[in-house]
Amino acid sequence: MSISTKYNPQETEEKWYSYWLDKHFFHSEPDEREPYTIVIPPPNVTGVLHMGHMLNNTIQDVLIRKARMQGKNACWVPGTDHASIATEAKVVAMLKEKGINKKDITREEFLKYAWEWKEKYGGIILEQLKKLGASCDWDRTRFTMEEDLSDAVINSFIHLYKKGNIYRGVRMVNWDPAGKTAVSDEEVIRKEVNQKLYYIHYHIAGTAKDILDETTCLTIATTRPETIMADSAICINPNDERYKHLHGKKVFVPLINREIPIILDDYVEMDFGTGCLKVTPAHDLNDYELGLKHHLPVIDILNDDGTLNDKAEILIGEDRFIARKKIAKMLEEAGHLQKVEDYKSQVGFSERTDAVIEPKLSLQWFSKMEELAKPALEEVLNGEVKLIPEKFINTYRHWMENVKDWCISRQLWWGQRIPAWYFQHEEPVVAKTKEEAIEELINRVPERRDWSEESKAGFRKQAEEFITQDEDVMDTWFSSWLWPISVFDGFKNPDNKDFNYYYPTNDLVTAPEILFFWVARMIMAGKEFTGKKPFTNVYLTGIVRDKLGRKMSKSLGNSPDPIGLIEQYGADGVRVGMLMSSPAGNDLMFDEAYCEQGRNFANKIWNAFRLVKGWEVDASLANPNEQAIAWFESRFSEALTEIEHNFKQYRLSEALMATYKLVWDDFCAWYLEMVKPAYQQPVDAATRAASVKFFEQILRLLHPFMPFITEELYHDELFGERGEMECCIVADYPTVGEVNEALLKEAELIKGLVSEIRNVRNTRQISPKEALALNIKINSDVVYDNWLNIVCKLANISKAEVVNDKVAGAAGFMVGKDEFFIPLSQNIDVEAEKERLIKELEYLQGFLKSVDAKLSNERFVQNAKPEIIQNERNKKADAESKIATIQESLAAL
RNA sequence: GGAGGAUUAGCUCAGCUGGUUCAGAGCACCUGCCUUACAAGCAGGGGGUCACUGGUUCGAACCCAGUAUCCUCCA
């Protein structure tokens with residue numbers, strides 16, 4: 001039977017993924033085993049898989065698969081979040097295509113369309129995760145807008161409101177004029193932008209009307225000339241000598257000639273611009289504060305969509321950016337524009353719509369953060385929740401100590417509607433239903449409580465008709481922060497079996513970008529609603545960048561299509577590629593070459609398998625490979641120890657690299673070459689059994705990284721019959737056995753010896769087919785007898801002999817303390833040999849000198865630890881004996 | 001402007017509490033090989049003043065100070 005020399009991932013992947021699903025290997029139910037739980041950072045329901053998801057979910061899958069194989073009850077809960085802004089934007093766009101304007105339909109109709117859209121397009125990303133091999137418990141898939149999770153959101157709003165942690169107030173918020181909603185600070189992306197700084201003359205009241213010069217006007221510098229109509233004052237620094245004459249004066253806003261005062265405040269920097277600042281409380285956060293301090297009126301000239309309203313008096317209905325251009329021209333024509341300069345500054349953009357964020361005053365709901373932040377900070381500082389890598393603790397602390405209140409309302413329809421009710425001009429009532437709200441209206445006023453039942457009924461009827469619910473929905477993060485609790489129905493039924501068993505979860509794998517507005521808030525919610533942390537370890541991955549170090553983004557078009565990568569290199573190859581380049585917490589410079597390396601690795605495993613599978617057994621043969629088998633057994637345990645150590649520290653790329661080297665170098669390049677029978681010769685039963693056993697251990701070790709190829713090979717008849725539930729995915733993960741240090745050390749010397757012989761061949765252009773003789777002069781206590789067979793096989797040595805004296809006219813070299821000679825048919829190049837030896841000698845002499853320097857230094861001998869001094873003495877003795885050997889060789893030449 | 005982090009081979013990164021001449025891995029590179037498991041491979045090899053300048057120390061890639069460059073977060 002012949003198997004292809006190339007591993008073909010496609011069919012394998014599909015076959016085994018559906019097999020795993022069929023047999024419910026991903027599904028978890030509480031039982032007596034130790035749980036190991038991960039909740040997925042719910043991707044945006046509108047999203048498609050990008051490289052960040054690939055990395056993030058590969059890591060989660062490696063962790064969950066390993067835990068599963070280690071006998072834990074592994075549960076990885078998947079799901080998506082409803083992404084208010086993004087989804088609403090998609091739905092609005094879809095409606096627009098159908099010729100429907102959102103304004104023309106009711107909230108209910110809109111939501112119907114939105115759900116339709118979600119059912120149809122939402123969840124693509126979850127399907128894509130399956131291609132990657134993600135072993136999520138799909139039976140537990142949750143969605144942040146489903147009924148139970150929405151209830152949790154609304155109930156926790158009510159809970160926090162009752163505790164006084166939620167309030168409604170007018171604040172300056174980040175307004176997204178395209179999405180027509182407030183967005184949180186975290187959803188604003190600041191970018192440096194080339195702008196213009198406009199220098200505008202304001203006429204001073206009481207001076208000559210028709211002249212514009214130093215005596216009749218002052219000049220301000222602004223990047224936003226379109227907001228001059230919203231000016232409430234001009235502010236100057238009281239200490240500014242240049243403007244002393246202006247104290248107490250008034251000026252006219254150009255074009256509309258509204259009179260505004262000049263105020264004094266040392267907030268103004270004298271050396272920025274002209275030292276005169278226009279104060280526009282409605283459209284700038286700092287100006288707003290200044291306005292409060294000086295009791296200035298707030299003139300809001302912008303509509304929600306970023307166009308000018310009638311308060312602007314001019315350019316009504318124009319977009320803010322068009323208005324900016326037009327007003328510059330109008331100012332110029334009126335002689336009010338002194339000059340325009342280029343200017344660079346930071347501008348905020350909406351993460352979702354990329355519109356320039358407008359600071360806007362509005363009435364919003366806020367959640368107080370200070371009280372919630374305290375225990376959440378404590379939890380991280382005392383190590384109850386571990387951040388990996390630790391460097392993020394500082395950033396976390398800084399943020400938690402300076403936390404600002406969280407604006408949780410959004411002017412959208414897609415999301416959980418705020419459970420606040422308005423009746424006439426009364427204070428809003430927070431309640432889950434209209435009925436409860438009405439009862440609350442009655443109960444909160446003493447005289448209403450005393451009403452007769454009849455009066456109450458009348459009131460109810462009236463309230464029923466006129467009470468209205470808040471139009472806004474809650475921020476999507478107000479759902480996400482409950483995720484680890486709500487996916488296990490910890491709100492609906494806090495004492496349920498799942499919640500008790502799986503919560504708190506073990507590991508959370510996410511990006512550092514959302515450390516604050518997701519991770520921190522989950523810890524807050526955990527403490528607030530359950531009294532417990534939501535997870536123990538937070539593994540923060542790096543950002544996936546391209547090989548030039550640029551962040552991958554749609555607009556740059558520098559992100560490869562993940563599914564395309566999987567098709568090209570196989571899921572296993574891509575997983576290996578992602579992890580290979582991803583040290584914990586550092587950004588990764590992604591390069592497709594890593595995936596290629598992963599694919600090659602899969603192919604290597606495939607071909608090693610072909611070799612072992614092809615062996616025929618001759619039961620009559622004795623086992624000539626005991627040494628090799630004993631060595632690999634030790635080596636495997638040694639490597640496994642290192643791998644486990646790396647896993648403990650979440651150094652997945654290093655764990656993978658150690659595995660890679662164990663498989664490729666130790667198993668394929670050394671072990672298999674040691675034991676493989678000559679061409680078309682049979683193998684003995686013991687060697688085959690040992691090799692098959694090793695191979696199976698290797699498949700298990702590799703499975704978390706490369707689930708598909710390992711599962712495929714695991715089921716080969718080479719390993720005997722497998723029951724239908726006997727799969728690699730649930731096989732026992734290897735455990736560390738005995739390690740024979742001495743054996744490992746000797747093997748390293750032997751590998752060095754083989755390399756040296758091959759080097760002799762290579763430098764002298766001797767074909768590997770030409771067998772050579774080897775003479776060994778032993779100066780150490782290495783037992784070469786045990787290794788000679790292996791050396792002969794690997795280096796094509798026809799005859800290996802121990803000698804007592806140096807062999808003249810042969811190629812010679814040293815490994816450790818021992819000397820080796822290879823008699824050659826051709827004459828050896830004495831000069832070259834001499835040169836080589838002299839070089840070696842010089843090196844050793846230099847080495848000896850440095851060791852001697854240390855040992856003759858009294859302070860070293862006094863201060864250094866005894867074992868270090870002993871070590872130096874050993875080095876000295878070693879070097880001296882080697883030097884003697886080389887000097888003898890030189891003399892013999 | 002504030003906080004944190006980084007700088008080691010052509011590239012991406014290891015290097016734990018200072019102690020082998022300590023400078024290491026993978027990839028890339030060079031040379032030779034279609035050696036019947038694998039050219040998606042095999043064998044061998046060459047690459048580095050550990051950003052710079054000082055300091056502490058018997059001893060520094062590692063600790064300290066300063067300089068330069070870059071990144072991230074916050075304002």
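Throughout, protein chains are lettered first and strands after them, A, B, ... in sequence-line order, and every chain is numbered starting at 1.
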message: Return whichever of A/Tyr594 or A/Val612 has its heavy-atom-nearest nucleotide of RNA chain B closer to the 5' end.
response: A/Tyr594
- prompt: Has A/Tyr660 got a side-chain N or O lying under 4.0 Å from the OP1 or OP2 atom of B/C27?
  reply: yes
message: What I want to find out is whether A/Glu638 reaches A/Arg635 closely enough, with some N-O distance under 4.0 Å, to be called a salt bridge.
response: yes
message: Starting the side chain at C-beta, find the nucleotide from B/U12, B/A40, B/A37 nearest to A/Lys6.
response: B/A40
- prompt: For B/A37, does either OP1 or OP2 sit under 4.0 Å from a side-chain N or O belonging to A/Lys676?
  reply: yes
- prompt: Hey, are A/Lys751 and A/Asp666 close enough for a salt bridge, meaning a charged N less than 4.0 Å from a carboxylate O?
  reply: yes
- prompt: Would you call the rings of A/Phe820 and A/Phe813 parallel, tilted or perpendicular if under 30° counts as parallel and over 60° as perpendicular?
  reply: parallel
query: A/Phe695 vs A/Phe667 aromatic rings, parallel, tilted or perpendicular, using cut-offs 30° and 60°?
result: perpendicular
Secondary structure of RNA chain B in dot-bracket form (Watson-Crick or G-U wobble, distances below 3.5 Å, | marking inter-strand pairs): (((((((..((((.....[....)))).(((((.......))))).....(((((..]....)))))))))))).
B/G15 phosphate, OP1 or OP2, under 4.0 Å from A/Arg651 side-chain N/O: yes
Polar atom pairs between nucleotides 21-24 of chain B and protein, under 3.5 Å, N or O only, would you list them?
| from | atom 1 | to | atom 2 | distance (Å) |
| --- | --- | --- | --- | --- |
| B/U21 | OP1 | A/Lys875 | NZ | 3.2 |
| B/U21 | O2' | A/Tyr843 | OH | 2.3 |
| B/U21 | N3 | A/Phe847 | N | 3.3 |

task: Tell me which of A/His645 and A/Asn603 sits closer to the 5' end of RNA chain B, going by the nucleotide each one is nearest to.
output: A/His645
- prompt: Below 4.0 angstrom, N of the basic side chain to O of the carboxylate: do A/Glu880 and A/Lys876 qualify?
  reply: yes
